[in-house]
Amino acid sequence: MIAMKKKSSKPKGLDDRIFDIVALFICALVLLLVLYPLWYVIICSFSDPNAVTGGQVVFWPVGFTMEGYATIMDYEPIWIGYRNTIYYTVVGTGFNLFLTLPCAYALARHDFKGRNFIMMLFTFTMFFSGGTIPTYMVMKDLGVMNTVWAMILPYGVNVMNLIIARTFFQNSVPYEIQEAAMIDGCSNTKMFLQIVMPLAMPMIAVIMLYYMVAHWNVYFRALLYMSDPNKYPLQLYLRNILLFDQMLDLMEGDAEAIEAMTRRLQLRASIKYGIVVVSSLPVLIIYPLLQKYFAKGIMVGAVKG
Amino acid sequence: MQRNSTFSNKCARYMRSILKNYELYLFVLPALAYLFIYCYLPMYGVQIAFKDYRVGKGILGSEWVGLKHFHKFLGNATNRDLIWNTLQLSVETLIVGFPLPIIFALILNEVQQKRFRKVVQTVSYAPHFISTVVLVSMLTLFLDKNTGIINTMLRFFGAGPFDFMTRSDWFPHIYVISDIWQNLGWNSIIYISALASVDVALHEAARIDGASRLQRIIYVDFPCIFPTVAIMLILQTGNLMTVGFEKAYLMQNPLNLGSSEIISTYVYKMGLLYNQYSYSTAINLFNSVVNCILLVTVNGIVRRLSDSGLW
């Protein structure tokens with residue numbers, strides 16, 4: 001009660017109140033503009049395909065049906081892609097963390113000689129690279145085509161993530177604790193694993209998310225280095241299905257009756273929307289869980305450092 | 001004699017510190033090995049830009065041809081269109097896409113309802129996590145001439161159906177607008193957290209001096225986050241010429257090629273679809289060099305103007 005009174009008694013000019021409303025309005029507008037396309041995809045995936053192509057679906061599913069999803073469930077390539085992508089994501093993210101975290105920690109230590117030089121080697125690659133072809137040639141010489149390495153090797157250390165990790169180790173893990181441990185005779189490895197890492201969990205969660213999402217969403221590497229359809233990641237299958245309309249074997253059975261055929265063709269619309277939902281869901285579920293760490297100064301520290 | 005001993009002392013101390021921290025060197029070793037193999041080995045291969053690379057002869061055995069491939073690329077009028085397309089796309093992204101997250105962060109920061117602010121923030125991040133393939137699929141579905149929602153809406157207002165995806169003149173706009181949709185919230189994170197660290201005392205002082213909310217945004221908030229803005233601007237201009245291959249390539253079709261063929265997609269096609277390794281590498285190198293020059297220039301300008309820069 002008292003608090004309320006205090007709030008209302010605070011002098012507030014008319015300008016400020018108008019400003020409040022405008023700010024709220026703009027934010028609501030952004031919310032709507034971001035959310036509606038996502039919502040539209042979801043309702044279309046549950047709607048009758050005829051209603052979708054006829055433009056009747058606007059706010060709610062029209063002619064609710066799970067037919068699209070049932071077809072997706074039976075469509076094997078999607079699940080091969082899913083399996084491969086999960087595999088690449090897990091192995092790849094582990095590889096990323098193994099490379100990034102120890103390196104970032106070493107680079108964060110003031111008593112580590114040569115850290116500026118090593119950091120420069122990394123930063124340089126942010127702005128200059130060998131390019132597609134020379135990289136392709138190296139990968140070819142390494143003989144990693146069509147293996148899991150072709151998917152994870154090109155994305156070992158992301159320099160931005162390295163900088164974020166280094167800045168966090170430097171600024172948010174108190175050096176006094178490390179010094180005390182050192183005096184007690186703690187080795188660097190032990191210190192990193194048992195003292196520093198547990199303190200850096202929020203940052204590790206964020207970096208892990210960045211790496212995971214990158215692995216989940218990549219398709220260009222697969223386009224370059226993967227030619228065996230059994231090893232395609234999900235995104236490559238998605239491209240073939242969603243953009244190149246390669247759903248021929250999805251439409252099995254006799255297509256003699258014209259009616260049945262048009263029905264299947266129409267079903268494509270809601271299948272496409274359904275595939276978008278199915279393929280994006282894991283990532284869209286995970287990120288809100290880690291969202292609270294995003295703005296915790298992890299990013300801003302990285303840019304200032 | 002004495003100088004010599006201090007030098008050897010220094011050396012000894014240096015060695016001792018290295019030995020004491022030998023584990024730290026092991027820590028960076030895997031990442032360095034990766035960096036060497038994946039980033040620096042390809043740079044060695046860049047020399048094929050000045051050679052006529054033949055698979056049979058290898059990198060070293062191929063013949064030097066000087067700037068032949070660069071002349072070939074720059075001497076052709078259609079190739080100059082590529083550069084123009086690339087610039088158009090990235091400059092439009094920069095001019096429209098760069099200020100919006102800043103404005104969004106400044107406005108969101110003023111919203112008093114904490115819960116609402118949180119919801120807007122969380123939701124606005126969502127599109128960032130959608131893959132390029134899915135995004136482009138959504139675009140083709142939404143913008144379809146006959147069945148897309150956009151054309152359905154336009155029909156409602158009496159505007160004729162447009163075949164957006166196949167029109168050259170629409171390509172950059174679709175590219176930029178969808179980019180903003182995807183990254184507005186995400187790109188604002190950095191400004192939001194910079195705003196969170198603005199000193200409350202500054203706002204108090206400004207309020208006492210009679211500054212309105214808008215004035216406080218312009219004269220307190222914005223100057224406080226300016227260093228962050230400057231660095232983001234430099235980073236983004238540093239990537240001006242490397243504008244997203246993935247999305248442009250996916251959005252391409254024979255009809256919009258006039259504006260959707262950009263340097264990176266051309267490099268890919270020349271190199272891996274037509275096997276012109278040297279030519280493709282040369283274009284890429286040209287692109288990288290222009291990029292680096294841009295980065296250094298913008299960094300210099302920003303440094304001179306505001307004292308904050310990358311280096």
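In this structure, chain B has heavy atoms under 4.5 Å from both the backbone and the side chain of A:Thr189. Within the 4.5 angstrom heavy-atom criterion, no atom of A:Ile286 approaches chain B. For B:Ile217, the part sitting under 4.5 Å from any heavy atom of chain A is the side chain, from C-beta outward, and nothing else. With a 4.5 angstrom heavy-atom cutoff, A:Val157 touches chain B via backbone and side-chain atoms both. For B:Tyr53, the part sitting under 4.5 Å from any heavy atom of chain A is the side chain, from C-beta outward, and nothing else. For A:Ile118, the part lying under 4.5 angstrom from a heavy atom of chain B is the side chain only. At a 4.5 Å heavy-atom cutoff, the contact between B:Met153 and chain A is made by side-chain atoms alone. In this structure, no portion of A:Ala104 lies under 4.5 Å from any heavy atom of chain B.
In terms of heavy-atom pairs under 4.5 angstrom with chain A, the leader among B:Glu246, B:Lys118, B:Glu110 is B:Glu246. Ranked by heavy-atom pairs under 4.5 Å with chain A, the list B:Leu214, B:Asp144, B:Val267, B:Leu106 is led by B:Leu214. Highest contact tally toward chain A, considering only B:Ile283, B:Asn151, B:Leu184, B:Leu272, is held by B:Leu272 [criterion: heavy-atom pairs under 4.5 Å].
Between B:Gln113 and A:Leu24 there is a side-chain heavy-atom pair separated by less than 4.5 Å. Counting heavy atoms from C-beta outward, B:Ser137 and A:Leu238 have side chains that stay 4.5 Å or more apart. Within the 4.5 Å cutoff, side-chain heavy atoms of B:Ile130 are placed close to those of A:Leu38.
Atom CD1 of A:Ile26 sits about 10.0 Å away from atom CZ of B:Phe104, to the nearest 0.5 Å. In this structure, OG in B:Ser124 is found 10.5 Å from CG in A:Leu35, a value given to the nearest 0.5 Å. Separation of atoms OH (A:Tyr287) and OH (B:Tyr125) is listed at 9.0 Å; rounding is to 0.5 Å. Rounded to the nearest 0.5 angstrom, A:Cys27 SG and B:Gln121 CD are separated by 9.5 Å. Here A:Phe19 contributes atom CZ and B:Gln215 contributes atom CD; the two are 11.0 Å apart, rounded to the nearest 0.5 Å. The OG1 atom of B:Thr132 sits 7.0 Å away from the OH atom of A:Tyr219 when rounded to the nearest 0.5 Å.
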Output, in order, the C-alpha distance, side-chain angles, deciding distance and verdict of side-chain contact (heavy atoms from CB on, under 4.5 Å) for A:Ser187 and B:Glu23.
CA-CA 8 Å; A:Ser187 75; B:Glu23 288 159 298; 3.5 Å; yes
Evaluate A:Phe112 against B:Tyr25 for ring-ring contact (aromatic ring centres under 6.0 Å, His included), listing each step before the verdict.
CA-CA 8 Å; A:Phe112 177 57; B:Tyr25 291 88; 4.7 Å; yes
Please list every donor-acceptor pair under 3.5 Å in which a side-chain atom of residues 286-294 of chain B meets a protein atom from a residue at least two apart or in another chain.
residue: B:Asn287; atom: ND2; partner: B:Met241; partner atom: O; Å: 3.3
residue: B:Ser288; atom: OG; partner: B:Asn284; partner atom: O; Å: 3.3

For residues 31-46 of chain B, which side-chain N or O atoms pair as donor and acceptor with protein atoms under 3.5 Å away, sequence neighbours left out?
residue: B:Tyr34; atom: OH; partner: A:Gly156; partner atom: N; Å: 3.2
residue: B:Tyr40; atom: OH; partner: A:Leu121; partner atom: O; Å: 2.5

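A donor-acceptor pair is defined here as one N or O able to donate and one able to accept, closer than 3.5 Å; such a pair exists between the side chain of A:Asn217 and the backbone of B:Phe129. Under a 3.5 Å cut-off, the side chain of B:Tyr268 and the backbone N or O of A:Thr132 do not form any donor-acceptor pair. Distance alone, capped at 3.5 Å, places no donor-acceptor pair between the A:Trp216 side chain and the B:Ser131 backbone.
Less than 6.0 angstrom separates the ring centroid of B:Phe142 from the ring centroid of A:Tyr40.
Within 6.0 Å of OH in A:Tyr36 there are more than 12 heavy atoms belonging to other residues, nucleotides or ligands.
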